[in-house]
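Reckoned from all heavy atoms, side chains included, excluding hydrogens, waters and symmetry mates.
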Amino acid sequence: MSPARTRSTVQHAVALLELFDADHTQWTLSALARQLNQPVSSVHEQLLTLTHSGLLTKLGRGRYGLGWRLLKLSSALYGSLPWYPHAHAAMERVARRTHHLTFVSVLDGPRVLCVARSVQGRDTPARPGGTVMGETRFELPAHATAGGKLLLALAEQPLPPDAEAFTDRTVTTPAAWAAAAREIRAAGFAQAVDEWAPGTSALAVPVRSDAGVMAALGVSLPTARLRGRDGLLRILQDEADQIGWALGSRP
């Protein structure tokens with residue numbers, strides 16, 4: 001098999017796997033083919049390979065789900081990140097204290113990935129807090145989310161070339177991004193107010209070790225509840241400081 005064909009095969013397999021998320025835990029062959037806009041025969045071949053490797057498993061009624069081998073791979077990844085257990089524990093504490101969706105994001109080249117999120121203590125119908133954008137998204141728009149803006153600014157990365165204007169408050173020009181990035185570096189935190197979707201806002205602070213910025217710890221909440229910003233920032237910063245202390249980082 002040629003290198004180009006090998007790359008294409010791997011890319012197609014990755015695209016197929018990425019269709020599985022919290023909202024789509026099972027897929028049928030025909031649904032996958034439609035979603036991927038590929039022939040059924042090609043998708044069927046991919047499914048056979050992924051199932052044989054343990055990355056997918058065949059369920060009843062022609063459905064497929066994620067396989068146990070992915071759990072082994074994810075455990076190996078998390079085990080290689082000394083900061084992750086501390087960040088995950090801090091995320092859960094923030095979620096319980098604030099009753100907001102709490103997340104940990106990382107910078108992967110130009111991409112911002114949400115590697116963990118928690119709904120512990122999340123508002124219930126008896127104590128409604130509203131819904132927020134991106135509750136199940138893995139890859140986030142770096143220029144329109146608090147975690148993304150923070151990580152891009154601290155890494156001194158430019159505005160993504162394909163920065164989409166999700167709302168009239170989304171930063172989409174290099175000049176506006178340069179000004180926003182300077183403010184974020186000076187403040188030590190980032191916020192996104194109605195920049196990804198109207199009614200959704202977020203705050204994020206950096207998680208640091210002696211090696212530098214590891215991740216962003218933040219909360220996503222309805223914009224109407226952003227009036228408690230200062231208190232939320234204190235909670236986030238206290239938890240981020242504890243993570244840094246555990247990792248040997250000293251101010």
Can you tell me how far apart [atom1] ([X]) and [atom2] ([Y]) are? Round to the nearest 0.5 Å.
{"X": "L32", "Y": "Q38", "atom1": "CG", "atom2": "CD", "result": "9.5 Å"}
{"X": "L48", "Y": "K58", "atom1": "CG", "atom2": "NZ", "result": "8.0 Å"}
{"X": "L66", "Y": "L50", "atom1": "CG", "atom2": "CG", "result": "10.0 Å"}
{"X": "R225", "Y": "H100", "atom1": "CZ", "atom2": "NE2", "result": "4.5 Å"}
{"X": "E45", "Y": "T49", "atom1": "CD", "atom2": "OG1", "result": "6.0 Å"}

Between [X] and [Y], is there a shared hydrophobic cluster once you connect ILVMFWY residues whose side-chain heavy atoms come closer than 4.5 Å?
{"X": "V115", "Y": "F103", "answer": "no"}
{"X": "F138", "Y": "L217", "answer": "yes"}
{"X": "V207", "Y": "L113", "answer": "yes"}
{"X": "I243", "Y": "V219", "answer": "yes"}
{"X": "L236", "Y": "L221", "answer": "yes"}

Using every non-hydrogen atom in the two residues, find where [X] and [Y] come nearest and quote the distance to one decimal.
{"X": "A215", "Y": "L151", "answer": "C-CD2, 3.9 Å"}
{"X": "L247", "Y": "H86", "answer": "CD2-CD2, 3.8 Å"}
{"X": "P85", "Y": "L81", "answer": "CD-O, 3.4 Å"}
{"X": "P206", "Y": "G188", "answer": "CD-O, 3.3 Å"}
{"X": "T172", "Y": "A163", "answer": "CG2-O, 4.0 Å"}
{"X": "A190", "Y": "A146", "answer": "CB-O, 3.4 Å"}

Taking C-beta and beyond as the side chain, do [X] and [Y] meet within less than 4.5 Å on heavy atoms?
{"X": "E18", "Y": "E139", "answer": "no"}
{"X": "R208", "Y": "L154", "answer": "yes"}
{"X": "W196", "Y": "T170", "answer": "no"}
{"X": "L70", "Y": "F20", "answer": "no"}
{"X": "L152", "Y": "P160", "answer": "yes"}
{"X": "W83", "Y": "S209", "answer": "no"}

Listed partners of L59 passing side-chain contact (heavy atoms from CB on, under 4.5 Å), at least two apart: Q26, T57, R63

Residues in side-chain contact (heavy atoms from CB on, under 4.5 Å) contact with A153, at least two apart in sequence or another chain: W177, A181, I184, R185

Verdict with reasoning, W27 to V43, per side-chain contact (heavy atoms from CB on, under 4.5 Å): CA-CA 12 Å; W27 286 89; V43 176; over 6 Å; no

Criterion side-chain contact (heavy atoms from CB on, under 4.5 Å) on L56 and L17, from CA distance to verdict: CA-CA 8 Å; L56 291 179; L17 287 171; 3.8 Å; yes

Qualifying salt bridge (Lys or Arg N to Asp or Glu O under 4.0 Å) pairs with a residue from residues 186-197, counting only residues at least two apart or across chains: K149-E195

Inter- and intrachain pairs under salt bridge (Lys or Arg N to Asp or Glu O under 4.0 Å), touching residues 166-175, at least two apart: none

Test side-chain contact (heavy atoms from CB on, under 4.5 Å) applied to R34 and S30, step by step: CA-CA 6 Å; R34 286 194 301 271; S30 57; 3.8 Å; yes

Whether Y84 and H88 hold their rings parallel, tilted or perpendicular, with breakpoints at 30° and 60°: tilted

Sequence neighbours excluded - side chain to side chain donor-acceptor pair (under 3.5 Å) pairs with any residue from residues 228-239: R93-E239, Q191-R229, Q237-D241

Side-chain cluster (under 4.5 Å, hydrophobic types only) that W68 belongs to, other residues: L71

L101, T145, L203, T102 screened by side-chain contact (heavy atoms from CB on, under 4.5 Å) with S220, the one that passes: L101

Backbone N/O of E164 and side chain of H143: donor-acceptor pair under 3.5 Å: yes

Verdict with reasoning, L107 to Q157, per side-chain contact (heavy atoms from CB on, under 4.5 Å): CA-CA 11 Å; L107 190 63; Q157 289 201 20; 3.4 Å; yes

